[in-house]
Every structure is written in structure tokens, then in C-alpha cells.
Amino acid sequence: MVNQKPFHKTHILLSLIVFTNVALLVTSKSTIEPCANSDSCNALLGYTVYTDLKVSEVASLFQIDPIALLTSNAIDISYPDVENHILPSQLFLKIPIVCSCVDGIRKSVSTHYKTRPSDTLASIADSIYSGLVSADQIREANSISDPSVLDVGQTLVVPLPCTCFNGTDNSLPAIYLSYVVTPVDTLAWIAARYSTTLTDLMNVNAMGSTAIKASDILAIPLPACASNFPRYAADYGLIVPNGSYAITASHCLQCSCGPGNLNLYCQPASLAVSCSSMQCRNSNLMVGNVTVQQSGGGCNVTSCNYGGFVNGSIITTLSTSLQPRCPGAQKFPPLIAPPTSVNRDTTFAPSPAPQSDGAGGTGAPKSSSLVPSTNNILPGLAPIGGPAGSASGSASDACSLINPLANFPTAVLLLLYVKFMMAIL
């Protein structure tokens, strides 16, 4: 007869402690940008609609202008009653938000949610806000002592992840998208989806390898057109991702970032509203008008440009320049109709699953320390100047302090756990 080792309660307790510690070490991570001032920036959230919702309802979840939601996703706002259009469940949207500096960390705290009878902190975090925030983060932001007790109609602050990095990426204008990784994503596919590189994503997110997992939140730099409006303008700091547009100046002007260049182009919007004068002084040109005249020395270009919204007035500037050749027609981002179904091949969809054998191989090169310097910042935090920083190994080491086993295969962890259990039985 084979002798069996006695199975004690201490063994159970020890195994639970080991497994719990492993689980804690592989929890999801997100990019954190330290900050030391009160400046804010425009940022984007990658949001998956959890059920069929109207445009206005999605906008209400984040307390943003429905028109801003539509324009950020290159949706044509000229459709009748577009704010009441129903967006289908599982549609992926870019949500424009203001990214602030709160307690030394970049985040958005302008979103508030009023609880309903069936709500829990977990359902609010995971379902309604599609994993952009955790239940613990909501609990801490609202000083909730007992998360099992939520009063119906209670207003909760929903802290949302965002990054600014000075509105640049590799010294070029950029706006950052906070993206929740899905189970089918790989870093290579995300890079390809958003027209960036693996190295850039790793630099921005202070990653030591290309390994990611579901529920991680990545900061993705999107090329953008930046404005140079004066600081006292109401729309100071306006930045528009390439391939989309924005409505500004009290819905009077439409500023687009068309394909082919990163020059912000503003013209009168199609919305029927009462607007102040949009004509440039000492000319008959309106905002967005351009005249060209070929000459022996090149092309004389005169344009009427938008200069910001100040005290309810539209500021215009007239500029003239001599260019080597006359510019072609302005290119505009292709606008789409309000979506009625989810198409995984559209720009609204999350990154598609790679065609692989499941081993995780995508042909992406592995990098050991392509990350920016982390001098004088908290350990494990991406640096403020991360996207423009130089490569070093320190950020890779810091990242490992946050998530030392994030790159360790789950199957290996389970195998070790099974062997441990067998050893004590």
C-alpha cells in the first residue's frame, strides 16, 4: 500500500497564499504619467459601447458634447436628428476628454455617474465604462468604505486614465488614446492599427518587452494637427487627430486634420447657428478661403485663417506667402454615416486577432530596453517626456517593479501551482 502524505489545513492555506500572490503580481497595468502642474490637455479614451445607446446617452456617460463625440470619430453630423441616433452594442468609439493633473498624476476626473438599482462598482467599471477604470479606483476616488452598499442615485466620480506627454510624440503633434487591451490583441497589431511602431508604443508605455494581456491600458500616440491659438482663447490647445475633425467657436467653425498633412484647416461649419463675423480684415476672404496667383518667382498664396475664439468673437488672421508651387485642393477626412452595426474591419473596431498558431508569434521583433529615461520620477512610472526621451534600461527595470510577472505565461504559473499541490499531497 502506498503511503500518502497527510493533507493539513496549513497546506491549503499556504497554497492559497502562493496562488493569491501570483494573481496579484500579474494584475493588469496602465500607463501613468507623473505631472507637477495644473495644465490640462485634450486626450482620447478607447470605449466599447456596452449596450445599444443613443449618441446623446454615450455623451452623457462622459459629460461631453455629443457633437464632439461624433466629430472625434469622423461621423457626419449633418444627418437628421444625429444626436438621437442609436449606436450598436460593442461599437468602438474614441471619446474626447480633458486630461488634468490630479495629485501629481495625469487623469480625468470630470466624469460623474449616477448609480442605478442594479449597479455595483464592478459592473460600473467593467461594463458601463468598459474596463477603463477599476472598481477599487472608483471606491478610492469616492471614499466608499463598504463597496457592497451603493445608494440609488448616488453620484460617483469616475477617474479615467489619460496621458498628455506635452501633446507631442517624437517632437511631432500627437494626441494620446487610452486603449484597453482585448484578449485577441498583440502589440504588433495595435501598432499597425494605429499607424505607429512597436518601438514607439514601448517607449511611450515604458515596456521592457512586447508582451501585453487583456485589460492592460496602453497610451497610443495618434498623429494630430495642433492649433497655435493664444492662451486666452476659449479653444486654446485645440488638437485634432489626423483623419478626423472638430467643431469649435460655439459650433461655428469646423477644423479638420485631413489625410496627407498635419496642418489644421478651419472653415465655417455646416451647423445652422448664429455666428460672429468670419471675414478677414482688409479683404473679402472668409475663414478657410485661399487665393493663389502664379508668378515668375513661385506662387503667391493668400489665406484667411482662424485664430481662436475670444470673448464670443471669432479671431481671423490674413496671411500671405510666396511658395515654390501652388498648393492643391484641401483634402478632408472622409466622413462616415452614423454606424448601425459593428464591422470589425472598420476604424471603430478593436485590433483584429492575428492569424497565428496561438503561440503568440507575430513576427514582431523583441526589444529589451527600448524605453525612455526615468530620472527623478516615481519607480515604475512612465516619464513625463517619455515619447521624446532617449532609450535606456532604467524604465524597463521600473516597469518590472509594477508587474514583474506580467510576461510570465499563465500556463506556466498554473503548472507550477499544480506541481506544488501534488508535492504537498
Side-chain angles (χ1 to χ4, degrees), residues 16-17 19-33 43-54 56-64 69 87 89-163 177-183 185 212-219 350 378 380-381 402-403 405-406 410:
L16 288 175
I17 291 174
F19 190 77
T20 300
N21 288 338
V22 168
L24 288 175
L25 287 171
V26 296
T27 53
S28 61
K29 57 182 180 296
S30 63
T31 302
I32 300 175
E33 179 190 357
L44 294 170
L45 301 172
Y47 176 69
T48 302
V49 181
Y50 70 98
T51 188
D52 291 354
L53 292 173
K54 294 179 181 179
S56 58
E57 290 174 327
V58 175
S60 179
L61 278 178
F62 296 92
Q63 284 86 63
I64 61 172
L69 171 62
L87 299 172
S89 175
Q90 299 307 304
L91 180 68
F92 184 79
L93 296 170
K94 300 185 186 81
I95 307 294
I97 60 167
V98 175
C99 188
S100 305
C101 185
V102 182
D103 298 328
I105 298 294
R106 288 287 183 194
K107 67 175 70 174
S108 173
V109 291
S110 59
T111 296
H112 297 80
Y113 176 78
K114 185 172 291 188
T115 58
R116 298 171 298 187
S118 60
D119 285 335
T120 64
L121 292 185
S123 68
I124 295 171
D126 300 334
S127 178
I128 295 175
Y129 287 97
S130 70
L132 285 164
V133 65
S134 70
D136 284 341
Q137 288 171 333
I138 298 177
R139 178 181 58 79
E140 292 173 4
N142 295 275
S143 301
I144 297 175
S145 56
D146 187 357
S148 64
V149 180
L150 289 180
D151 297 328
V152 176
Q154 180 179 355
T155 299
L156 300 176
V157 174
V158 183
L160 297 169
C162 61
T163 48
L177 171 73
S178 295
Y179 177 83
V180 181
V181 175
T182 71
D185 285 333
I212 55 175
K213 67 184 185 65
S215 76
D216 285 350
I217 300 177
L218 300 179
L378 297 176
L381 303 184
I402 294 180
N403 205 3
L405 294 183
T410 305

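Everything numeric here is computed off the predicted structure, so don't read it as measured data.
- Q90 places a side-chain heavy atom less than 4.5 Å from the side chain of T48.
- There is a side-chain donor-acceptor pair under 3.5 Å between Y179 and D185.
- Rounding to the nearest 0.5 Å places CD of Q137 at 7.5 Å from NZ of K107.
- Here the OG1 atom belonging to T115 is positioned 9.5 Å from the CG atom belonging to L121, to the nearest 0.5 angstrom.
- To the nearest 0.5 Å, atom CG of residue L150 and atom OG of residue S118 are 11.0 Å apart.
- With values rounded to the nearest 0.5 angstrom, I105 atom CD1 is found 12.0 Å from T163 atom OG1.
- When the shell of 6.0 Å around CG of D103 is examined, it contains 12 or fewer heavy atoms from other residues, nucleotides or ligands.
- With contacts defined as side-chain heavy-atom distances shorter than 4.5 Å, the pair L160/C162 does not qualify.
- R106 has its side chain out of reach of S100: every pair of non-hydrogen atoms, C-beta onward, lies at least 4.5 Å apart.
- The structure places CG of L44 at 8.5 Å from OG of S178, a figure rounded to the nearest 0.5 Å.
- When each of T155, V133, I124, I138 is tested with Y113 by the rule side-chain contact (heavy atoms from CB on, under 4.5 Å), just one qualifies, namely I124.
- Checked by atom type and distance alone, the side chain of N142 never pairs as donor or acceptor with a backbone atom of I144 at under 3.5 Å.
- Contact of the V181 side chain with the S215 side chain is not registered, since no non-hydrogen atoms from C-beta on lie closer than 4.5 Å.
- Within the 4.5 Å cutoff, no side-chain heavy atoms of Q154 are placed close to those of K114.
- Remark: side-chain polar atoms of D52 are paired, donor with acceptor, to backbone N or O of S89 under 3.5 angstrom.
- To the nearest 0.5 angstrom, Y50 atom OH is 14.0 Å from L91 atom CG.
- Scanning all heavy atoms of the two residues, the minimum distance from A125 to A135 falls at CB-N, 3.6 Å.
- Looking at V58 and L87, their side chains come closer than 4.5 Å, going by heavy atoms from C-beta outward.
- Heavy atoms only, all atoms of each residue included: K94 and L177 are closest at CG-CD1, 4.4 Å.
- The heavy-atom pair separating T182 from A214 by the smallest distance is C-CB, 4.1 Å.
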Next on the checklist: For L61 and I128: C-alpha separation, side-chain torsions, deciding distance, then whether side-chain contact (heavy atoms from CB on, under 4.5 Å) applies.
Outcome noted: CA-CA 9 Å; L61 278 178; I128 295 175; 3.9 Å; yes

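- Residues I95 and L132 fail the side-chain proximity criterion, which asks for heavy atoms closer than 4.5 Å.
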Checklist entry - Are D136 and S134 close enough, and set up right, to give a side chain to side chain donor-acceptor pair (under 3.5 Å), and what steps lead you there? => result CA-CA 5 Å; D136 284 341; S134 70; 5.5 Å; no

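- Between S108 and C99 the shortest side-chain heavy-atom distance does not fall below 4.5 Å.
- Ring centers of Y129 and F62: under 6.0 Å apart, within the cut-off.
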